[in-house]
Structure formats: C-alpha cells, structure tokens
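No hydrogens, no waters, no symmetry mates; every other heavy atom, side chains included, goes into these values.
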Amino acid sequence: MKNLERNAQIISEIESKFNVGSLKYHDIDIWPILKLVMYQEIHTNKDSFNSKINNPIFSRALAGYVKKIFVFIHQRIRVRSRFKKTDFLFLTRNENYNEKINNQLFDRHIDPMIDKLKDNYSCSKLKIFTKRDFFQNFYITPYFLSGPKLNKIFINLESFDQNTQRELINISDYYYSSVKKHISFNYVLAYLDTISRSVDYYERILSKFAPKVVFLTCYYSPDNMGLIYACKNLKILTVDIQHGQQGKYHSMYNGWTNKLNASYNLIPDKLWVWGNDTSYYKLGCVIGGNPFKLWNLENSEELESEKLKQFRTNLNNKKKVILFSCSAEPNFDDLIHENVFKAMLNDDELFWIIRLHPNSPKVFYSLMNDKLNELGVVNYELNLSQEFNLISLFLISDVVMVNNSSVCIEALDFDVTVIVVHEHWKIIYQNLINDGSIYFASTVNEMLNLIYKSNKKNNTINYNIQRMNVMFYEGIDSILDLSDNLREKSKITA
C-alpha cells in the first residue's frame, strides 16, 4: 500500500511511453497481463519472483494432475447433459462472494440479475469448481482441472517475437528504475499459460450454450481473461459486473490509454456500473445500477426473518449502531484498526456489529471473539452478523465503518454515515471524502465525533425502486442491442 498514487502513476506512464498495444503472444494481447502483474505487485508485500523471462512452467501444469483426472470423469458423467442454449450466461468467481439469505447461499453479484431476468430471458449460471463442490450436480472447472491434457506448457522468452522481447525488456528496465523492483515475469508467463489453455476449454463450453451475452465479475484473473478471449473469438459480448470501488488507483479499471477497448482481446467489451461516480472505467460502460441493492429492496418483506426482526428490536435502545465491515485480509491483525477497538471501549451505549468477509478463514471468528473478550468489549455482535445479508445490515445501522472495504461505496444510498479509518486507503476514496459523501477518521476522538453526529434513521433512504428498475432494464436493452450489432457485423465479415 506504500505510495499507492505513485505506483498507479508508473503503470500509466508505461502505458503512454511504450507501444504496449503491440505486445503479442501469437495474437493474444500481453499488455493486460503485464498490467495485472504490476497491479498485483503494488498491492502485495510479497517479494517478486526471479525476473528472468526464460523459466518454463512445467511444475504448474503437473500440479493437481490426479485431481484433474477425477474432475474430468465427473464432467463426462454428470455435466454434459446440463448444457443448453441460453440468452445470458453468468460465471461465478472461484472465491466465495455469497450472502446467506433464508438459509440459502446467494451470489450477491450475479444471482440478483438472474432473478430479475429469468422470466423474460433464458439464463444459465456456471459455478466454478471449489473443493466443496465435487459432489454437487453441476459445476464447471477452471482451466487447470478441465481434463488430463498436458499441452501448451512451455512458454518462455523465445515464445515471443523479437519486437515483443525488446519491448518487454525495456518496460522491465523502466519499471525497475522507477520502483527498484523487478516485474515478476514468472507470473506473466504463468498467467499467459493459464489464458492460453483456458481458451480452448471455454470455447467448447460457449459453443454449447451459444449465449448472446456473457456476464462475469472481476474480469482481471487469467482464467477470466481466457474466457473473454474465447468470447471474442466467437463474437459473444462480454460484460463485467461492477463488484466494488473502481477508482483512479485501480489500474485494471483506470488507464487503457493506448488502444480502444475492443482492440484488447483480454478485457471485456462493457462494464456494468452502479453509477457515474463509482467507476473510473473509460472504455465503455453501461449504467445499470446495483442489482443486489435493487433486489433486496424489492424483496425486503420476504427477507425480513423473525430473527432479523428480533435483532432490530433489540437495537432500538442503543444510542448508535455501527456496522464495521472487514475486507478479505490474509492477516488477522489487519482486519480492524486498533483505534476502532479503543472506540468500542469508550462508550458501552454504542453497539458494534462486526461483519467478517465471507472469504475470511473460520479461525478469524474465534480469534475476533477472543480479542474482544480480552479487551473487555461487551457491546458487539459477531455471529449474527454473518447470518444476515449486507443490505439488511445497512438498514439497521446508523454508521458503516471500514478499513478499506468497498462496502462503504455500497452503503452510500442507505441513510448512514460512512467512515473510512485506515490512512493507507484514504487516497482511494479521496474524491468521495472531498465531496462529503464519505468521512475519514483515524483517531478515536474523530471516530466518536462522527458517530455521535450521525443522523437518526428517518426512513428517507434514496431508493426509488421504479427509477432503479428503469435504469436496470435500460442497461439490459443496451447490452442486447450491442450484442445484436456484434453478431450482425460478424455475419457481414464472415
């Protein structure tokens, strides 16, 4: 997180100084992959791998080979009959972004869209395989579990043409001169290997579903890039659904100055965004709103369980209710700023709802309980907050507080005071802080002052359901028009 602004600027400088649009592996654009690796290195503290560009990737291809065989058999026996032609094909992420709603797991990014579209369009959902899914009826596997094939595994410097080799080395030298850190070309090659092998896998699946549009979330993973490449080969429109903050320091959504969106064959055709002020993506957006928010508001009575009603009633006598939403940090100590714990101890009449990220290790729950008990904090709820979906928690809270989670963006329309508390992440939300939409508070006194000043809930939440529905369906109509135009062009050029 050090010097986040400068590091994002370096990526932008490389994009403008070098002919990144010419970087190719066969006909695959390399710049999106290179940009992804640099972006990930900026956001991690891991040491770079050796920067040489000549390491083959044999061990990666062999890993999990036995598992590949078992999954391959499963696919042949149980999955083949489930493919059917569809209008919209939705792909889950291989991380867990589910909400538990009425004791059912609900993918907060794609299930609301499927629920709203299913009566008028055919929709299919592809669930990416995880270790829990082996005995489920239907899932698809990531590229590396697609079958017991070992091909396309040796990619090294000699795999690129001479111009690309020179440009990659020039970019690497410039990057090192700026940050004194090598680009991890082992990652670049591994990602390119992933993309190259996943394309064939996804083309087979796409040919069976023959969708008009493919929706996915968080496009910037190598297997998703392989899916996008396959879609572009088959003239299928790809749409990335906004999943959180996409500000000017998120390099995978900002920049792209050298070529038009359609020219890069590893990034989506369009991005479905919540609103004009929530994304810096400049390569083609459809403003369709936040489907999860709309779905929750339309189904609020159905979602109001007896347990939630009782929980809401119990909170009526609290001075203020603060929802602290954690992000998916790998280290427990990074979940909550230390001053937040001090604020909890300052006033027992404040009530804190602690929401851990769905992807957090289970041990974090016990560690959090232990820490709060050791500190002597009594005015909190940890376990129930995992049973209620995020929107329900917004509706019963006065304040939403985060270290860095993009939950703070989702909370803006829910009549709550939104506070970011971590200095490193202040810069990401700077525009929203400047216009007063979000507050920044790093000290205990600053946090408490904002909490006490937060407005009482007055049921004036800005959610015009009719307006949100118009935005949603206009977004869908726009995407279908784009899909029709893409297919018409492909017929003309065929």
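- A donor-acceptor pair shorter than 3.5 Å cannot be found between the side chains of D223 and T194.
- Under the ring-ring contact (aromatic ring centres under 6.0 Å, His included) criterion, F364 pairs with F332, sequence neighbours left out.
- Although no hydrogens or angles enter the test, the distance criterion places a donor-acceptor pair under 3.5 Å between the side chain of N224 and the main chain of C218.
- Counting only N and O atoms by type, the side chains of H250 and Y220 include a donor and acceptor under 3.5 Å apart.
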Report, one line per pair, each donor and acceptor closer than 3.5 Å where one atom sits in a side chain of residues 399-411; sequence neighbours left out.
from: N403; atom 1: OD1; to: H337; atom 2: N; distance (Å): 3.3
from: N403; atom 1: ND2; to: D334; atom 2: O; distance (Å): 3.1
from: N403; atom 1: ND2; to: L335; atom 2: O; distance (Å): 3.2
from: N404; atom 1: OD1; to: S327; atom 2: OG; distance (Å): 2.8
from: N404; atom 1: ND2; to: E329; atom 2: OE2; distance (Å): 3.4
from: S405; atom 1: OG; to: V407; atom 2: N; distance (Å): 3.1
from: E410; atom 1: OE1; to: R108; atom 2: NH2; distance (Å): 2.9
from: E410; atom 1: OE2; to: R108; atom 2: NH1; distance (Å): 3.4
from: E410; atom 1: OE2; to: R108; atom 2: NH2; distance (Å): 3.3

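- Residues satisfying the salt bridge (charged side-chain N to carboxylate O under 4.0 Å, His left out) test with D477, not counting sequence neighbours, are none.
- Residues satisfying the side-chain hydrogen bond (donor to acceptor under 3.5 Å, both in side chains) criterion with N469, sequence neighbours excluded, are K116, E298.
- At a cut-off of 3.5 Å, with distance as the only test, a side-chain donor of Q40 or Y191 sits close to an acceptor on the other residue.
- S385 places a side-chain N or O within 3.5 Å of a backbone atom of L382 that can act as its donor or acceptor partner.
- Neither side chain, Y25 nor D193, offers a donor N or O lying under 3.5 Å from an acceptor on the other.
- Test L91, I110, D240, T92 against T217 for side chain to side chain contact (heavy atoms under 4.5 Å, CB included) and you get one pass: I110.
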How far apart are the C-alpha atoms of K125 and D111, what are their side-chain angles, what is the distance that settles it, and do they pass the salt bridge (Lys or Arg N to Asp or Glu O under 4.0 Å) test?
-> CA-CA 9 Å; K125 174 181 173 182; D111 282 341; 3.0 Å; yes
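- The distance between the ring centers of Y39 and Y253 does not fall below 6.0 angstrom.
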Side chain to side chain contact (heavy atoms under 4.5 Å, CB included) between F209 and L126: does it pass, once the steps are laid out?
-> CA-CA 11 Å; F209 280 105; L126 293 182; 3.6 Å; yes
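- Looking only at distances, a side-chain donor or acceptor of T238 sits under 3.5 Å from a matching main-chain atom of D269.
- Scored by the salt bridge (charged side-chain N to carboxylate O under 4.0 Å, His left out) test, E381 finds no partners at all (sequence neighbours excluded).
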Give the intermediate values and the outcome of side chain to side chain contact (heavy atoms under 4.5 Å, CB included) for residues I476 and F88.
-> CA-CA 10 Å; I476 293 297; F88 298 122; 4.1 Å; yes
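- Proximity of a side-chain donor or acceptor of H357 to a complementary backbone N or O of N359 within less than 3.5 Å is detected.
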Determine, stepwise, if the pair S221 / M225 fulfils side chain to side chain contact (heavy atoms under 4.5 Å, CB included).
-> CA-CA 6 Å; S221 66; M225 287 180 170; over 6 Å; no
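- Using a distance-only test at 3.5 Å, with no hydrogens or angles considered, a donor-acceptor pair links the side chain of D398 to the main chain of V321.
- For K232 (side chain) and Y264 (main-chain N/O), a donor-acceptor pair under 3.5 Å exists by modelled atom type.
- Among I228, L234, L227, the single residue meeting the side chain to side chain contact (heavy atoms under 4.5 Å, CB included) criterion with C231 is L227.
- Between the N485 side chain and the D481 main chain, a donor and an acceptor come within less than 3.5 Å of each other.
- Proximity of a side-chain donor or acceptor of S397 to a complementary backbone N or O of L393 within less than 3.5 Å is detected.
- S184 contributes no side-chain N or O that, together with a main-chain N or O of Y187, makes up a donor-acceptor pair within less than 3.5 Å.
- Looking only at side-chain heavy atoms (C-beta outward), K307 and F388 come within less than 4.5 Å of each other.
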Determine, step by step, whether D484 and K212 satisfy the salt bridge (Lys or Arg N to Asp or Glu O under 4.0 Å) criterion, reporting the C-alpha distance in whole Å, the side-chain angles of both residues, the deciding distance to 0.1 Å, and the verdict.
-> CA-CA 8 Å; D484 290 341; K212 296 178 180 177; 5.4 Å; no
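- Not counting sequence neighbours, K426 has no partner by the salt bridge (charged side-chain N to carboxylate O under 4.0 Å, His left out) test.
- Judged by distance alone, the side chain of D29 and the main-chain N or O of K24 form no donor-acceptor pair under 3.5 Å.
- Residues W295 and D115 bring a donor and an acceptor atom of their side chains to less than 3.5 Å of each other.
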